[in-house]
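All figures in this text were calculated on a predicted structure; none of them were measured in a lab.
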Amino acid sequence: MADYYHVAGLSLEEIEARLASYTPDSRWAHDRWILIAIQEAVAGAKEGNFAVGACLVDASGRVVQRAHNQMFYPYFRSDLHAEMNVMTKFETRRKNIGGLREFSLFTSLEPCPMCVVRLITAGVGKIYHAVRDVESGMAATLERLTPVWVQLAQRLEFAEADCSPELKDLAMQAWLVTANDRQAKVGQR
């Protein structure tokens, strides 16, 4: 774990300032949505949560829901990972949605097993992450799921986002700001 959870080089304020001055680059197909996901990650971190953010985008490219991790603030909720939070908020508002196959979810960090299964169950067509979570991410290792989940996942696309190296770095920096502190607190529960 020590190799992965090293100290972040930037503060949340520095990350936020770089995000505020960043203009999405058209060379990177997912830049504008990953930017939103990282902005959400910083918002979550500033509240005292893990720095993970996500947004759900419809087929026309419109952001229909955005959220961040809220596991610790405003109160402890183990299920409020960023991806879960986006899906719960969206599904609560849009009870008559026919399906999510044409939707894409963008997240600042590779989804964990719980979030991957939720996204498979929801049928979100495309799931993109800015950076890998080499210890807890599941999107890059779907074959580790049970056979039924592997089969269901084959209908969907899980991949690294096509975004700028700068955004990838900012996503990782945001995660690292909170990873060490929060990992210790989760271990105490």
Side-chain angles (χ1 to χ4, degrees), residues 15-16 18-47 49-70 79-133 137-140 142 149-172 174-175:
I15 295 167
E16 196 169 36
R18 285 180 57 185
L19 291 172
S21 66
Y22 186 84
T23 301
D25 188 331
S26 61
R27 293 177 297 165
W28 308 101
H30 301 148
D31 243 28
R32 65 183 176 142
W33 300 298
I34 290 298
L35 176 61
I36 292 167
I38 301 168
Q39 289 167 337
E40 285 291 331
V42 170
K46 288 174 77 174
E47 291 174 353
N49 297 296
F50 282 119
V52 183
C55 64
L56 185 65
V57 176
D58 67 15
S60 68
R62 185 175 62 98
V63 175
V64 295
Q65 190 65 60
R66 57 191 287 171
H68 53 267
N69 182 292
Q70 289 186 295
D79 65 322
L80 286 184
H81 292 202
E83 302 89 341
M84 301 280 277
N85 205 2
V86 163
M87 296 309 299
T88 298
K89 287 178 177 185
F90 179 75
E91 291 169 352
T92 299
R93 283 188 311 104
R94 301 279 301 271
K95 292 180 181 15
N96 297 324
I97 192 80
L100 295 170
R101 183 90 172 126
E102 300 301 317
F103 286 74
S104 299
L105 184 127
F106 295 88
T107 183
S108 61
L109 185 70
E110 180 183 8
C112 73
M114 177 176 73
C115 293
V116 163
V117 169
R118 170 79 181 269
L119 295 167
I120 292 169
T121 302
V124 176
K126 297 175 184 169
I127 300 95
Y128 300 109
H129 57 273
V131 292
R132 290 238 12 239
D133 182 346
M138 180 58 78
L142 292 170
W149 289 109
V150 170
Q151 183 179 3
L152 290 170
Q154 289 173 352
R155 303 174 299 140
L156 313 175
E157 179 181 344
F158 285 89
E160 193 168 321
D162 180 24
C163 66
S164 72
E166 182 177 358
L167 286 182
K168 288 179 184 295
D169 179 59
L170 291 172
M172 182 55 80
W175 167 245

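Taken from CE in Met87 to CG in Leu105, the straight-line distance is 7.0 Å, to the nearest 0.5 Å. The distance from atom CG of Asp31 to atom CD1 of Ile36, rounded to the nearest 0.5 Å, is 11.0 Å. Ile38 CD1 to Leu167 CG: the interatomic distance, rounded to the nearest 0.5 Å, is 4.5 Å. Considering NE2 of His81 and CD of Gln70, their distance stands at 12.0 Å, rounded to 0.5 Å. In this structure, Ile34 CD1 and Phe106 CZ are separated by 6.5 Å, a value rounded to the nearest 0.5 Å.
When side chains are defined from C-beta on, Arg118 does not count as touching Val86, because their heavy atoms never get closer than 4.5 Å. Trp33 is not listed as a side-chain neighbour of Tyr128, based on a closest heavy-atom distance of 4.5 Å or more. With a 4.5 Å cut-off on side-chain heavy atoms, Val117 and Trp149 count as touching. Inter-residue side-chain proximity for Trp28 and Leu35 is flagged as unmet; no heavy-atom pair is nearer than 4.5 Å.
Nearest heavy atoms, Met114 versus Asp79: CE-CA, 4.2 Å. Residues Ala153 and Leu142 approach most closely at CB-CD1, 4.2 Å, considering heavy atoms. Considering all non-hydrogen atoms of both residues, Ser108 and Ala130 come closest at O-CB, 3.4 Å. Heavy atoms only, all atoms of each residue included: Val42 and Ala174 are closest at CG2-CB, 4.4 Å. Contact detail for Val64 and Phe103: the closest heavy-atom pair is CG2-CE2, 3.9 Å. When all heavy atoms of Leu119 and Pro111 are compared, the pair lying nearest together is CD1-CG, 4.4 Å.
Heavy-atom neighbours of Glu102 CD from other residues, nucleotides or ligands within 6.0 Å: at or below the threshold of 12. Atom NZ of Lys89 has more than 12 neighbouring heavy atoms from other residues, nucleotides or ligands inside a 6.0 Å radius. In the displayed structure, Glu157 atom CD is contacted under 6.0 Å by more than 12 heavy atoms of other residues, nucleotides or ligands. Within a 6.0 Å radius of CZ in Arg27, other residues, nucleotides and ligands contribute 12 heavy atoms or fewer.
The closest donor-acceptor contact from the side chain of Asp133 to the backbone of Leu109 lies at 3.5 Å or more, if one exists at all. At least one donor-acceptor pair under 3.5 Å links the side chain of Glu110 to the backbone N or O of Ala139. Between the Asn69 side chain and the Gly44 main chain, no donor and acceptor come within less than 3.5 Å of each other. Without hydrogens or angle criteria, Arg155 side chain to Leu152 main chain gives a donor-acceptor distance under 3.5 Å. Of the possible polar contacts, one joining the Lys168 side chain to the Ala161 backbone as a donor-acceptor pair under 3.5 Å is found.
Between the side chains of His68 and Glu40, at least one donor N or O lies within less than 3.5 Å of an accepting N or O. With 3.5 Å as the limit, one finds no donor-acceptor pair spanning the side chains of Gln65 and Arg94.
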Check: Yes or no on side chain to side chain contact (heavy atoms under 4.5 Å, CB included) for Tyr22 and Ser164, after CA distance, side-chain angles and deciding distance?
Finding: CA-CA 11 Å; Tyr22 186 84; Ser164 72; 2.8 Å; yes
Atom pairs and distances, side-chain donor-acceptor, residues 50-57, under 3.5 Å, sequence neighbours left out:
none

